[in-house]
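Note that the structure is predicted; figures quoted are calculated from it, not measured. All heavy atoms count here, side chains included; hydrogens, waters and symmetry mates do not.
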Amino acid sequence: MAALEHERVRLGRSSTAERVADILREHIIEGLFAPGQRLSEEAIGSALGVSRNTLREAFRLLGHERLLDHKLNRGVFVRVLSAADVSDLYQMRRVLEGAAVRRAASPEALALIKETVEEAERSAVADRWQDVGTANSRFHQALVALHRSPRLNEAMRQLLAELRLVFHVMHNPRALHEPFVVRNRQLLELMAAGRADEAATFLELYLDDAERLLLHAYEPSDAPTTR
């Protein structure tokens, strides 16, 4: 809980459940709270200096985002996704991202996408594979931003947060992220060249491969378990 104590400054005098939820969401996405881990109201409330009611409201908000599970008489746990959850998330991704890459991208939008590609490439060279995963998430968020829809942006943000729960049960983050560093660059080049149909086909195959790779985590020897 020491990692939470320094977050008190972010709450200030106007601490709210939404701000607490923001902090906890970041810790879940970063893997500081692992899938299946029980969250202690007492420990987290003490670390952040917030009331039990505020913390419970934050838990409720994150439950709606499918990041937490409330188990009767047991407490609140970081959610463990099923294989069916992963497939459903990828079905959503095909809709959101597939339509996005067919849109004409402005030079500014392409520059933002390129920035995420270069960030992933630098992190890969430095052998920082968790950072590669973060850059990859930013890449896909930037793709959906081509829709220019705040609601779709929010849907994608929540979707990617859920997927990070699967990333944290993968034993080899390099094996998970490395194949897509080059493919992100290739997709960017297709989009920059205005080859929208080819970009959409490329992305469909890309997402198929990514889904298969994640589903390996649910094979008997690797299946995540609730603690």
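Two residues are said to be in side-chain contact when any heavy atoms from C-beta on lie closer than 4.5 Å; Val101 and Leu190 fail this criterion. Within the 4.5 Å cutoff, no side-chain heavy atoms of Glu162 are placed close to those of Leu159.
Phe139 and Val132 are assigned to two separate hydrophobic clusters, defined by single-linkage of ILVMFWY side chains at heavy-atom distances under 4.5 Å. Residues Val50 and Leu68 share a hydrophobic cluster, clusters being chains of Ile/Leu/Val/Met/Phe/Trp/Tyr side chains in contact below 4.5 Å. At a threshold of 4.5 Å between side-chain heavy atoms, the hydrophobic network of Ile, Leu, Val, Met, Phe, Trp and Tyr places Leu39 and Leu81 in one connected group. The hydrophobic clustering, which links ILVMFWY residues whose side-chain heavy atoms are closer than 4.5 Å, places Tyr206 and Leu146 together. Met92 and Val166 fall within the same hydrophobic cluster, where Ile, Leu, Val, Met, Phe, Trp and Tyr residues are linked whenever their side-chain heavy atoms come under 4.5 Å apart, directly or through other members.
Heavy atoms of other residues, nucleotides or ligands lying less than 6.0 angstrom from CZ of Arg102 number more than 12. Annotation: Glu30, atom CD; neighbour count of heavy atoms from other residues, nucleotides and ligands within 6.0 Å is above 12.
In summary, Arg157 and Glu154 engage in a salt bridge, as defined by a charged side-chain N under 4.0 Å from a carboxylate O. Between Arg25 and Asp22 a salt bridge is recorded (basic side-chain N to carboxylate O distance below 4.0 Å). Between Asp85 and Arg66, no side-chain nitrogen of the basic residue sits less than 4.0 Å from a carboxylate oxygen of the acidic one, so the salt-bridge criterion is not met.
No donor-acceptor pair under 3.5 Å is formed between the side chain of Glu97 and the backbone N or O of Val144. Judged by distance alone, the side chain of Ser46 and the main-chain N or O of Glu42 form no donor-acceptor pair under 3.5 Å. Under the 3.5 Å distance criterion, the side-chain polar atoms of Arg94 are matched with a main-chain donor or acceptor of Tyr90. Judged by distance alone, with hydrogens and angles left aside, the side-chain atoms of Arg38 form a donor-acceptor pair with the main-chain N or O of Arg74 at under 3.5 Å. Panel note: side chain His177, backbone Ala135; no donor-acceptor pair is recorded below 3.5 Å.
The two residues Pro179 and Ala175 make their nearest non-hydrogen contact at CD-O, 3.4 Å. The minimum heavy-atom distance linking Arg164 with Ser137 is given by the pair NH1-OG, 3.5 Å. When all heavy atoms are compared, the tightest approach of Arg148 to Ser106 is NH2-CB, 4.4 Å. For Ala58 against Ala17, the heavy-atom pair with the smallest separation is CB-O, 3.5 Å. Across all non-hydrogen atoms, the minimal contact from Leu143 to Ala100 is O-CB, 3.2 Å. When all heavy atoms are compared, the tightest approach of Gly36 to Val80 is N-CG2, 3.4 Å.
For Leu215, the side chain to side chain contact (heavy atoms under 4.5 Å, CB included) partners two or more places apart in sequence, or in a different chain, are Ala83, Val86, Ser87, Glu211, Tyr218. Under the side-chain hydrogen bond (donor to acceptor under 3.5 Å, both in side chains) criterion, Arg151 pairs with no residue at all, not counting sequence neighbours. Listed by chain and residue number, Arg185 satisfy the side-chain hydrogen bond (donor to acceptor under 3.5 Å, both in side chains) test with Glu121 (two or more places apart in sequence, or in another chain). Looking at residues two or more places apart in sequence or on another chain, you find a side-chain hydrogen bond (donor to acceptor under 3.5 Å, both in side chains) between Glu178 and Arg174. In this view, His70 satisfies the side-chain hydrogen bond (donor to acceptor under 3.5 Å, both in side chains) rule with no residue, not counting sequence neighbours. Qualifying salt bridge (charged side-chain N to carboxylate O under 4.0 Å, His left out) partners for Asp131, counting only residues two or more places apart in sequence or in other chains: Arg128.
Between Phe180 and His140, the distance separating the two ring centers is not shorter than 6.0 angstrom.
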(request) For Arg79 and Leu67, run side-chain contact (heavy atoms from CB on, under 4.5 Å): C-alpha distance rounded to whole Å, both residues' side-chain angles, the deciding distance at 0.1 Å, then the answer. (result) CA-CA 5 Å; Arg79 188 160 173 247; Leu67 296 179; 5.7 Å; no

(request) Could you walk me through whether Arg122 and Glu119 pass the salt bridge (charged side-chain N to carboxylate O under 4.0 Å, His left out) test, one step at a time? (result) CA-CA 5 Å; Arg122 288 192 298 270; Glu119 180 185 350; 5.6 Å; no

(request) Apply the test side-chain contact (heavy atoms from CB on, under 4.5 Å) to residues Leu24 and Leu55: give CA-CA distance (whole Å), side-chain angles for both, the deciding distance (0.1 Å), then the verdict. (result) CA-CA 10 Å; Leu24 296 179; Leu55 186 57; 4.0 Å; yes

(request) Determine, step by step, whether Met156 and Arg93 satisfy the side-chain contact (heavy atoms from CB on, under 4.5 Å) criterion, reporting the C-alpha distance in whole Å, the side-chain angles of both residues, the deciding distance to 0.1 Å, and the verdict. (result) CA-CA 8 Å; Met156 188 62 178; Arg93 292 188 67 177; 4.3 Å; yes

(request) Run the numbers on Leu214 and Leu163 for side-chain contact (heavy atoms from CB on, under 4.5 Å), then give the verdict. (result) CA-CA 9 Å; Leu214 283 178; Leu163 275 181; 4.0 Å; yes

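Note that CG of Asn136 and CG of Leu160 are 8.5 Å apart. Values are rounded to the nearest 0.5 Å. Rounded to the nearest 0.5 Å, atoms CZ (Arg60) and CD (Glu65) are 10.5 Å apart. Note that CZ of Arg183 and CG of Leu188 are 15.0 Å apart. Values are rounded to the nearest 0.5 Å. Of the inter-residue distances, the one linking Leu205 atom CG with Leu187 atom CG reads 11.5 Å to the nearest 0.5 angstrom. For the atom pair CD1 (Ile23) and CG (Leu32), the distance works out to 12.5 Å, reported to the nearest 0.5 Å. For the atom pair Glu189 CD and Leu110 CG, the distance stands at 11.5 Å (nearest 0.5 Å).
Counting only N and O atoms by type, the side chains of His216 and Arg212 include no donor and acceptor under 3.5 Å apart.
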